[in-house]
Structure formats: structure tokens, C-alpha cells
Enquirer: 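Provided herewith is a single structure, encoded as C-alpha cells, for subsequent inquiry.
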Number of protein chains: 2
Amino acid sequence: MEKVDCIFFQLAKAYQLGNRFLTQRVSELNLTSVQAMILGFLDHEDQVTSSELGKRAELDSATLTGILDRLETAGFIERKGNPDDRRSIRIHLTKQGKVMAHEASRVIIEANKEFLQVLTEEQKRDLHGIIQTLRQYTTRLKTHIKHPGRMPEKRSNYGNHS
Amino acid sequence: MEKVDCIFFQLAKAYQLGNRFLTQRVSELNLTSVQAMILGFLDHEDQVTSSELGKRAELDSATLTGILDRLETAGFIERKGNPDDRRSIRIHLTKQGKVMAHEASRVIIEANKEFLQVLTEEQKRDLHGIIQTLRQYTTRLKTHIKHPGRMPEKRSNYGNHS
DNA sequence: TCTATTATACTCGTACACAAGTTAATTGCA
DNA sequence: TGCAATTAACTTGTGTACGAGTATAATAGA
């Protein structure tokens with residue numbers, strides 16, 4: 001198996017290429033690529049809960065917590081408690097966070113165009129369709145979403161702390 | 001910018017999807033996806049230097065060092081000094097490393113086929129071509145390969161250890 | 001020859017991805 | 001109503017990506 005024929009290798013390198021590209025573009029804003037994308041989501045809609053944002057960004061809650069920590073430390077977002085559901089939080093952009101989110105969106109759109117400019121319109125459509133197909137079909141085989149049932153059978157002494 | 005139209009987002013999720021898929025397949029060997037691929041490279045050609053392997057796997061030397069550490073700890077490879085060039089090392093598979101490398105190759109090939117089975121032959125060719133195009137053209141804009149020249153001008157006191 | 005440069009492999013620090021597990025709050029159901 | 005199951009957010013630990021910097025060895029040029 002040559003690496004050229006290995007889809008996992010090729011996807012990894014394509015991702016890394018895109019990620020380095022975007023990372024460089026947003027580095028002028030002192031953001032990472034992921035932070036910029038999260039701000040982009042928030043630019044589109046503010047005041048969401050962490051789990052809602054996680055669903056949209058398709059991020060693990062552990063990963064998202066870390067990203068939000070850094071965005072909060074940087075002063076771009078704030079976490080606010082939700083009186084309606086005291087488990088959840090609301091994420092909202094600060095004043096400078098709004099400015100930064102708007103800038104991030106702009107840079108991402110720009111980078112997107114530039115990154116794809118080597119492809120023909122047909123190739124762009126093809127790539128879009130192929131990724132959609134892969135994601136739709138393959139997600140069922142192994143998702144990152146927790147399986148609700150089918151745990152490896154613990155019965156009696158579960159939670160037995162004596 | 002909807003996330004569907006963001007190539008960076010789509011590439012990231014496609015990669016993560018493939019990576020989770022392969023990770024699950026090679027987990028029966030107690031390997032990570034990257035470890036399996038490195039063993040796959042070594043299955044193809046043994047006794048290479050770290051930098052040579054890094055070039056083939058297109059990995060940063062810092063990243064590769066860590067991966068080799070874990071493969072060495074697991075007993076699959078050994079690092080041997082090279083008398084011809086005392087800076088470099090030779091990586092070679094141990095006895096059980098050879099077995100594992102062969103198994104890893106097998107599982108990767110199998111997983112590759114299964115992962116791509118939802119695509120038509122034409123889509124596979126398209127995807128291949130698109131990724132090649134992106135990687136060839138875009139690599140020039142920002143590579144992870146060190147620029148040999150053009151360092152930010154250090155002159156006199158380089159290596160001045162007094 | 002001797003010094004500046006380059007190459008090899010390494011360490012360190014930061015950021016993500018993700019599995020697993022925790023705590024507290026909410027919901028569902030008998 | 002009361003308890004089990006679920007949910008929200010977080011923590012912990014491991015692995016990977018990568019920028020930056022280090023020590024040692026090899027090499028090229030004056």
C-alpha cells in the first residue's frame with residue numbers, strides 16, 4: 001500500500017495542509033484555526049449553550065471546554081449561568097469578542113476562497129459531494145457520539161463503594 | 001459562511017472521520033492509527049533513518065520522535081546508531097515488530113477498502129486528483145518543511161557560548 | 001585548517017481530539 | 001412523590017501536530 005493510495009494518509013495530509021494554511025491566515029489575529037472557527041460560529045449566532053455550540057461545531061465537550069477556556073482568558077467570550085437550567089451555561093461574545101469574531105469570519109472566508117482557487121468549479125462541487133457522502137454513510141460505522149446502550153455488562157457491584 | 005461551505009471545516013471533519021475509523025480498526029492490534037501507518041511504512045522498507053522516515057511519512061521531527069518512542073517502548077522497533085554518520089540513527093523492526101507491521105499493513109488495506117466503499121470508482125479518482133492538486137499547489141504557500149535559507153538574520157553571536 | 005553553516009535527532013511548550021469518568025441539575029416514570 | 005436515568009459541563013490522561021530551540025556531528029568555504 002503506497003501512501004498515495006491510502007485514504008487515511010491523504011485525508012490527514014489534506015487536513016493538515018488546510019489547517020496550516022488557515023492557521024497562518026488567522027495568526028495575524030493571534031488566533032488558532034479552531035478558535036477562529038468557533039468565533040465564526042458565534043459571530044453567526046451568539047448566546048448559545050456549550051452543548052449547542054458543540055453540536056454545531058461537531059466538537060467533543062472536552063475539546064470545546066479547552067477552547068472556550070482560552071477564548072475566555074483572551075477576553076473574547078464570557079460564560080454566564082442559565083437560570084432556566086442551572087447545569088448549562090450561555091456563551092456570549094464580549095465587546096472585543098464581537099469585533100474579533102467578525103474579523104475571524106472575514107479572514108476565514110478570504111482564506112477559503114484562496115485555498116480553493118486551484119480547483120475548478122467542478123472539482124469544488126465534486127469534493128463537496130464526496131465529503132458529504134463519506135460523512136453521511138461512514139458516520140454510522142463508528143461515530144464519536146456515545147453509544148447509549150451496549151456497555152460491557154456491569155451488573156451487581158456497580159457503584160459498590162464499601 | 002456556513003460550515004458546509006468551509007473547506008477547512010469539511011477537511012477537518014473528513015479527516016477526523018477517517019481517523020476514528022482507522023483507529024477503531026487497528027485498536028484490535030493495540031495500535032493508534034498513526035502508529036499503524038508508521039509500522040506500515042517500515043513494513044515496506046526497514047532500516048531507515050529517522051529523517052528519511054519523517055520525509056516519507058511527512059511528519060515533523062518532533063512528532064516522529066514521540067511516535068518512535070512509543071513504538072520502541074512497545075517493543076516494535078529499535079533505534080541503532082549509525083557509524084557512518086554519528087548524528088543519525090537507524091530504525092529497524094524487532095521480531096515482533098515485523099509481525100505487527102505486517103498485520104498493520106493488512107488492517108490498513110482492509111480498512112481503506114471498507115472506508116471507500118460508499119464512493120463510486122469515479123468519485124475515488126476525483127478525490128484522489130483533487131487532493132493531489134491541493135497538495136501540489138498549496139504546499140508552496142506555506143509548507144511545514146523548514147526553509148533552508150531565509151532565516152531571520154542571525155550573524156555574529158550564533159553559537160557564542162561564553 | 002578552521003570556522004561558519006547545515007543536518008540529525010532531540011526536548012519543551014501549546015493546542016486539539018477523544019475516551020473515560022465526575023458532579024450537579026433535570027427529567028421521566030413507576 | 002421518589003428514585004433512576006439522563007443531561008450539561010467539566011476534569012483527567014494519552015496521543016498527535018507543530019513551532020521553537022538545543023546539542024552534536026558533518027561539511028563547505030575562506
Side-chain angles (χ1 to χ4, degrees), chain A residues 12-13 15-17 19-20 23-24 27 31-38 48-55 57-71 73-74 79 81-91 142-149 151-152 158-159, chain B residues 12-13 15-17 19-20 23-24 27 31-38 48-55 57-71 73-74 79 81-91 142-149 151-152 154-161:
Chain A
K13 297 310 168 184
Y15 154 68
Q16 285 161 20
L17 185 65
N19 196 49
R20 280 196 303 272
T23 297
Q24 200 215 17
S27 68
L31 293 174
T32 67
S33 59
V34 175
Q35 286 163 14
M37 284 201 275
I38 291 297
V48 286
T49 64
S50 180
S51 80
E52 182 57 34
L53 185 58
K55 269 174 211 139
E58 297 177 38
L59 281 175
D60 192 70
S61 89
T63 303
L64 186 56
T65 296
I67 295 165
L68 293 180
D69 284 348
R70 287 178 283 275
L71 287 176
T73 302
R79 288 161 156 119
N82 183 354
D84 293 348
D85 184 341
R86 304 213 327 278
R87 292 170 302 180
S88 70
I89 58 170
R90 285 241 179 87
I91 298 153
K142 164 68 177 159
T143 61
H144 68 292
I145 293 155
K146 302 286 197 327
H147 300 276
M151 287 313 205
Y158 182 72
Chain B
K13 297 309 167 185
Y15 154 68
Q16 286 162 18
L17 185 65
N19 196 49
R20 279 195 302 271
T23 297
Q24 199 215 15
S27 69
L31 294 173
T32 67
S33 59
V34 174
Q35 287 163 13
M37 285 200 274
I38 291 296
V48 287
T49 65
S50 179
S51 80
E52 182 58 32
L53 186 58
K55 270 174 210 139
E58 300 178 37
L59 280 177
D60 193 69
S61 90
T63 304
L64 186 56
T65 296
I67 295 164
L68 293 180
D69 285 348
R70 286 179 281 275
L71 287 175
T73 302
R79 287 158 157 121
N82 182 354
D84 294 347
D85 184 343
R86 306 214 324 279
R87 294 169 301 181
S88 70
I89 58 171
R90 288 242 178 85
I91 298 154
K142 164 72 176 159
T143 61
H144 69 293
I145 292 154
K146 302 288 197 327
H147 301 276
M151 286 313 205
K154 283 187 182 178
R155 267 188 303 273
S156 47
N157 60 350
Y158 183 70
N160 182 0
H161 52 85

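By convention in this document, chain letters (A, B, ...) are assigned in the order of the sequence lines, proteins followed by strands, and residues within each chain are numbered from 1.
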Enquirer: Nearest-Å distance, CG (A:Leu53) to P (D:dC10)?
Expert: 11 Å

Enquirer: Kindly write out the residues that satisfy side-chain contact (heavy atoms from CB on, under 4.5 Å) with B:Leu64, not counting sequence neighbours, or none if the list is empty.
Expert: B:Ile38, B:Ser50, B:Leu53, B:Leu59, B:Leu68

Enquirer: Can you work out whether B:Ala62 or A:Glu52 has the more 5'-proximal nearest nucleotide on DNA chain D?
Expert: A:Glu52

Enquirer: Please report the closest heavy-atom contact between A:Ser27 and A:Gln24, naming both atoms and the distance.
Expert: OG-O, 2.7 Å

Enquirer: From CG of B:Leu64 over to P of D:dT16, roughly how many Å is that when rounded to an integer?
Expert: 11 Å

Enquirer: Who passes side chain to side chain donor-acceptor pair (under 3.5 Å) against B:Thr23, sequence neighbours left out?
Expert: none

Enquirer: Rounding to an integer number of Å, can you tell me how far B:Leu68 CG sits from C:dT11 C1'?
Expert: 15 Å

Enquirer: Write down the atom of B:Pro83, the atom of B:Gly81, and the distance for their closest heavy-atom approach.
Expert: CD-O, 3.6 Å

Enquirer: Is the shortest side-chain N/O distance from B:Ser88 to OP1 or OP2 of C:dT8 below 4.0 Å?
Expert: no

Enquirer: Could you go through nucleotides 15-17 of chain C and list every protein N or O atom that sits under 3.5 Å from one of its N or O atoms, giving the distance for each pair?
Expert:
from	atom 1	to	atom 2	distance (Å)
C:dC16	OP1	A:Thr32	OG1	2.3
C:dC16	OP1	A:Gln35	NE2	3.4
C:dC16	OP2	A:Arg70	NE	2.7
C:dC16	OP2	A:Arg70	NH2	2.6
C:dA17	OP1	B:Gln16	NE2	3.3

Enquirer: Round to the nearest Å and state the distance from A:Asn19 atom CG to C:dT14 atom P.
Expert: 19 Å

Enquirer: In whole angstrom, give the distance that lies between atom CG of A:Leu17 and atom P of D:dA17.
Expert: 14 Å

Enquirer: Kindly give the atom pairs (protein nitrogen or oxygen, nucleotide nitrogen or oxygen) under 3.5 Å for nucleotides 24-26 of chain D.
Expert:
from	atom 1	to	atom 2	distance (Å)
D:dA25	OP1	B:Arg86	NH2	3.3
D:dA26	OP1	B:Arg86	N	3.0

Enquirer: Just call it for A:Thr49: base, sugar-phosphate, or nothing, with non-hydrogen atoms closer than 4.0 Å on any strand.
Expert: sugar-phosphate

Enquirer: Check whether any side-chain heavy atom of A:Gln16 lies under 4.5 Å from a side-chain heavy atom of A:Arg20, and answer yes or no.
Expert: yes

Enquirer: When the distance from CG of A:Leu31 to C1' of C:dT14 is rounded to whole Å, what number comes out?
Expert: 15 Å

Enquirer: Is A:Ser51 near enough to D:dA9 that one of its side-chain N or O atoms lies under 4.0 angstrom from OP1 or OP2?
Expert: yes

Enquirer: With sequence neighbours left out, write down each residue that passes side chain to side chain donor-acceptor pair (under 3.5 Å) with A:Arg79, or none if nothing qualifies.
Expert: A:Asp69, A:Glu72

Enquirer: For the pair made of CZ in A:Arg79 and P in D:dA9, what is the distance, rounded to whole Å?
Expert: 10 Å

Enquirer: According to side-chain contact (heavy atoms from CB on, under 4.5 Å), who are the partners of A:Gln35, at least two apart in sequence or on a separate chain?
Expert: A:Leu31, A:Thr32, A:Ile67, A:Arg70, A:Leu71

Enquirer: Can you see if the side chain of A:Ser61 gets near the phosphate of D:dC10 - specifically, an N or O under 4.0 Å from OP1 or OP2?
Expert: no

Enquirer: Can you list everything that forms a side-chain contact (heavy atoms from CB on, under 4.5 Å) with B:Ser51? Sequence neighbours excluded, please.
Expert: B:Thr49, B:Lys55

Enquirer: Give me the bend of the helix from C:dT1-D:dA30 to C:dA30-D:dT1, using the axes of the five pairs at each end, rounded to 10°.
Expert: 10°

Enquirer: Hey, could you give me the CG/CD distance between A:Leu17 and B:Glu58, rounded to the nearest 0.5 Å?
Expert: 10.0 Å

Enquirer: Can you check the A:Asp69 CG to C:dT14 P distance for me, whole Å?
Expert: 15 Å

